[in-house]
Structure formats: structure tokens, C-alpha cells
Amino acid sequence: MVQLLEGAPVAKRILDEARAGAAALSPPPALVVLLLGNDPASEAYISSKSRAADEAGVRAETVRLPSGSPPEALLEAVAAANRDPEVDGVLVQMPLEPGHDPARVIDALDPGKDVDGLHPENVGLLHQGRPRFVPCTPAGIVALLDHYGVPLSGRRAVVVGRSALVGRPLAALLTQRDATVTVCHSRTGDLPAVCREAEILVAAIGRPGFVTAQFVQPGATVVDVGINRLESIDEIPQNLRRSERIANAIASKGRAMVGDVDFDDVSRVAARVTPVPGGVGPLTVAMLIHNTVLAAQMRRGADANRG
């Protein structure tokens, strides 16, 4: 029987550690989240981040900019958070509305407050093997694998998706742990065959139910990063329509959340798999709080050294 790699117990441990770190600081660590517009998925993420921050003793403030705000308004909000001596961490909720350049916004962040780990300075440190802030989802995935005793050294890992937020930083982390890593993307030839070589397969491609049993070697560990919201039967890929859970969710709630992995199909061959929801998601939020406390510790230490 397949083992479920549930994120809740790992997230709890990370938040407990963050709470202990925050309790030792006065004033408490402070996180500012900048939200442009009113995207429902972004609102849900903000709510979960605020709850986790509160549980860990971290002050979290959401700065909301109206939909249609010009790029200069968002950049000024970033600059204000950078300047504020009481703010330890700054996060810009993605995706941004059309007309905004994500790279320009990320470049504007103070790298010492960039708790998402996306500023070029933090990316460079990560790839040099001396990370400051690790992007939250990749950091959470490695914590999850460690918690469940999944060996990394000497193992063959395949990451499907090469985003700056997940695929590329995760490949760096796994390589630093002595895994042999292949990063796949839309141009990868015979993708199922490449994925079948993996002892650890990570799906972060943003396509519901894309990874099926034909992508998975027997006994592999499969990590599903995808969060796809389906709101009608017509949106459900054919291979997922046999799932009673998904059909019932659509019928009763008008929506269903699914990953990039066909969970029922892959569970027939994998040894371990993360559920959606309840797998990687809680860890992303927990690592954000961890990074915020770390930023506060680093900034307070720097202030003490200057004093």
C-alpha cells in the first residue's frame, strides 16, 4: 500500500521551531505581504499565511493595492516596506496583474527581507551552496522528504517544471544533497520515459492530473506540487473523471482541488506520494514563517553588531 507523505506534521514542527525563535525576539518578527488586486486564489494564500504567522507569534500585515494600480504604486509599496525598520520580511504575492514586470518587482526587494528567496542575490547564494533564504516550496519539499526518511544521496531525482519558484531552486537543493537531478520541461523528449528513471519524481508543471502511472517507476517517491482548481466537469481531464472524490467535490461544492499527479493511478505503482490538498501546501506556508523569523534574527544580529 502506498505511503501518504502528509505535510501537516512536518509543518507543525517547523512552525513550533519558528514560534520558539520568535518568542526570543522583541519586538516580534514582522512580515508584510503586498497584494495587488483581489484574485481569489491569492486571497486564500494570504489568509493561510496570516493564520500561520499568528500561530507562530509573527506579526503579519497585508498591504492591499487596488486592482489596476500602476507599476509605480507597487514599487513604492515595496520601497516603503524596505525602508521600514520594524519590517523583517517582505513578500509580494504572485501572480501579478498584466502590465507589471515580476522581475522588476523582485529586483526592487531588499535581499535581506526577501523571505521568498527570489531576489537575484539570494538565488546566487543558493546556487553557490551558501543559502540565505531558500524559496519556500523547495525548502518544504526537502523538509518533507527528510521527515519521512526518504534518502537523497545517490538517488536519481527528476523534477518536472523549471520555474524560478520551484523547479530550479529544488534542483539546486537536491544536487547539494548529492542526488543526481534531471529538470524536465515542455521541450523534453519522451517525458514519461525520463520520469520513469526517477526514484524521486517531483511534479510542478501546473497541469491537472498530468503525471500518470506511466511516468512512475514501481517503488518511486512522488511529490505533487500542483494546485489546480477545477470548477466544472468540462475542466476535468479525461483520466481524472473516474475519481469519485473529484466528481463529488464538483457536484457538492462546485469546485475541486487537484494536483499535477493523477493520484489514484500513480498510487498503484508508487511507494510514497503526497496528497493534494494536504501535502506540500502546508509546508510552503510554514517555511515562509521560518524564513521571516530567520530574517528577523539576521537583522537583529546585524544591528547588534553595528552597535
Backbone of A44 reached by a side-chain donor or acceptor of S47 within 3.5 Å: no

Does N82 use its side chain to pair, donor to acceptor, with the backbone of A108 at less than 3.5 Å? yes

Short N-O contact, [X] and [Y], less than 4.0 angstrom:
X    : Y    : answer
E231 : K253 : no
R13  : E17  : yes
D84  : K113 : no
R64  : E43  : yes
R132 : D114 : no

Is there side-chain contact between [X] and [Y], with at least one heavy-atom pair below 4.5 Å?
X    : Y    : result
K49  : L91  : yes
P135 : L126 : yes
Q297 : D88  : no
L4   : F263 : yes
L191 : F215 : yes
N122 : L118 : no

Will you find, in the side chains of R255 and S232, an N or O donor that is under 3.5 Å from an N or O acceptor? no

Is a donor from one side chain sitting under 3.5 angstrom from an acceptor on the other, for D265 and N239? no

More than 12 heavy atoms of other residues, nucleotides or ligands under 6.0 Å from CZ of R59: yes or no? yes

Tell me, with the steps shown, if V160 and C195 meet side chain to side chain contact (heavy atoms under 4.5 Å, CB included). CA-CA 8 Å; V160 185; C195 291; 3.6 Å; yes

Just do the salt bridge (Lys or Arg N to Asp or Glu O under 4.0 Å) check on R155 and E199 with the steps written out, would you? CA-CA 6 Å; R155 296 303 197 269; E199 295 163 281; 3.7 Å; yes

Side chain to side chain contact (heavy atoms under 4.5 Å, CB included) partner of T137, the single match among V225, D116, L165: V225

Tell me, please, which residues at least two apart from V150 pass side chain to side chain contact (heavy atoms under 4.5 Å, CB included). L145, Y148, I200, T221, R272

Hey, mind stepping through E235 and R229 against salt bridge (Lys or Arg N to Asp or Glu O under 4.0 Å) and telling me if it holds? CA-CA 9 Å; E235 293 181 358; R229 290 171 173 80; over 6 Å; no

